[in-house]
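Worksheet: one structure, shown below.
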Amino acid sequence: MPIHFEDQDVTSEAAGLRSALIVPCNLCPAVTVATRENRPFMRFFRSPVKSAPFEEYLKALQSRLSGKGVSTKVFRSSLYHQWFMCMWTSRRRKKLEKQAKNYDAVIVLGCDSATETVRDVVPPDVKVIEGMKTAGIMNGRMSFRLPGDLVFDDCKVVTISQQKVA
Ligand code: SF4
């Protein structure tokens, strides 16, 4: 099961900036938002490549930032293989590198590995803001419901053991 997140106070972190590129990982963060709202993660017949709860979350984040004077754009990953920021291709990373240069900050929605993907490519003068904080790993039951909903039921968050990597 995916990583589960808590939101960070992005608007405070972005205070005083003029622009930010929001870079979302489309798997774990989107599952987090769908499960905490008790809604389907995907509704394939309505929107085959977007999770509606996560789309609303992104819009609300953009609106809050706009209210603070920060103009934003979402770095879209529409194809399924682009969803996982921990496994992005070189081409995808290059694309982010090119776009990030035009912003004061990049807001990452994802885990530490997603942030690492971003830090590897953005210029040093572009601020990297972590929009979500890992709270644990989810344990739940994935199921399909007709006509085409993918849902996660009976979810709980399991603490991640602290582990040092050599
Ligand atoms: S980058 Fe992190 S948040 Fe995204 S799919 Fe990989 S493990 Fe999940």
- request: Please tell me if the side chains of C155 and N139 come closer than 4.5 Å, counting only heavy atoms from C-beta onward.
  value: no
field: Pairing of R36 and D7 as salt bridge, 4.0 angstrom limit
entry: yes
query: In terms of hydrophobic clustering (I, L, V, M, F, W, Y; side-chain heavy atoms under 4.5 Å; direct or indirect links), are Y80 and L58 co-clustered?
result: no
message: I need the minimum non-hydrogen distance between K50 and E55, along with the two atoms involved.
response: CD-CD, 3.7 Å
message: Are the side chains of V74 and K59 in contact, using a 4.5 Å heavy-atom criterion?
response: no
Heavy-atom side-chain contact between Q82 and L79 under 4.5 Å: yes
field: Check against side-chain contact (heavy atoms from CB on, under 4.5 Å), K101 and V126
entry: CA-CA 7 Å; K101 288 176 186 159; V126 175; 5.9 Å; no
field: Heavy-atom pair of closest approach, residues V10 and G131
entry: CG2-CA, 3.5 Å
Residue pair E116, R119: steps toward the salt bridge (charged side-chain N to carboxylate O under 4.0 Å, His left out) verdict: CA-CA 5 Å; E116 188 70 14; R119 285 197 201 281; 5.6 Å; no
message: With heavy-atom distances below 4.5 Å as the criterion, would you say the side chains of L65 and T11 are in contact?
response: yes
T89 side, atom OG1; H81 side, atom NE2 - distance, nearest 0.5 Å: 5.5 Å
message: Are F84 and M142 connected into the same hydrophobic cluster when the rule is that any two of I, L, V, M, F, W, Y join if their side-chain heavy atoms are below 4.5 Å apart?
response: yes
message: For E13, run the salt bridge (charged side-chain N to carboxylate O under 4.0 Å, His left out) check against K133, K127, K68, R64 and tell me which one passes.
response: K127
- request: Considering non-hydrogen atoms only, spot the tightest contact between A100 and V106 and give its length.
  value: CB-CG2, 3.9 Å
- prompt: Can you check whether V158 reaches M138 side chain to side chain, under 4.5 Å on heavy atoms?
  reply: no
message: Are there over 12 heavy-atom neighbours, none belonging to R46, within less than 6.0 Å of that residue's CZ?
response: no
message: According to a hydrophobic-cluster definition based on side-chain heavy atoms being under 4.5 Å apart (Ile, Leu, Val, Met, Phe, Trp, Tyr only), do M42 and V151 belong together?
response: no
Separation between CG of L21 and CD of Q99, rounded to the nearest 0.5 Å: 6.0 Å
query: For the atom pair CG (L150) and OG (S143), what is the distance rounded to the nearest 0.5 Å?
result: 7.5 Å
field: Presence of salt bridge, D149 and R43, under 4.0 angstrom
entry: yes
- line: Rounding to 0.5 Å, atoms SG (C25) and CE (M132) come to a distance of 10.0 Å
message: Going by side-chain contact (heavy atoms from CB on, under 4.5 Å), P53 matches just one of N38, T32, V33, V31. Which one?
response: V33
message: Would I129 and V108 count as a side-chain contact (heavy atoms from CB on, under 4.5 Å) here? Give the steps.
response: CA-CA 6 Å; I129 298 172; V108 190; over 6 Å; no
task: Grab the two heavy atoms, one from S113 and one from C86, that are nearest each other, plus how far apart they are.
output: OG-CB, 3.3 Å
message: Between L96 and R92, is there a side-chain heavy-atom distance shorter than 4.5 Å?
response: no
pair F54-P24: side-chain heavy atoms closer than 4.5 Å: yes
- request: Decide yes or no on side-chain contact (heavy atoms from CB on, under 4.5 Å) for L27 and I3, but give the supporting numbers first.
  value: CA-CA 9 Å; L27 186 68; I3 293 172; over 6 Å; no
message: Within the structure provided, determine whether W83 and S78 are in side-chain contact (heavy-atom separation under 4.5 Å).
response: no
field: Euclidean distance, S77 OG relative to K95 NZ, rounded to 0.5 Å
entry: 8.5 Å
task: Verify side-chain contact (heavy atoms from CB on, under 4.5 Å) between V157 and I137, making sure each step is shown before the conclusion.
output: CA-CA 5 Å; V157 180; I137 297 183; over 6 Å; no
query: Considering all heavy atoms of both residues, which atom of V70 and which atom of A14 are nearest to each other, and what is their separation?
result: CG2-O, 3.7 Å
- prompt: For the rings on W88 and F75, is their centre-to-centre separation under 6.0 Å?
  reply: yes
- prompt: Do you know the tightest heavy-atom contact between A34 and F41?
  reply: CB-CA, 3.7 Å
query: Can you get from F5 to I160 by hopping between Ile, Leu, Val, Met, Phe, Trp and Tyr side chains that sit under 4.5 Å apart?
result: no
- request: Group every Ile, Leu, Val, Met, Phe, Trp and Tyr by side-chain heavy-atom contacts under 4.5 Å, then state whether M87 and V49 land in the same group.
  value: yes
query: Can we say R145 and D153 salt-bridge, meaning some charged N sits less than 4.0 Å from an Asp/Glu carboxylate O?
result: yes
message: Return the OG to CZ distance between S71 and R18, rounded to the nearest 0.5 Å.
response: 9.0 Å
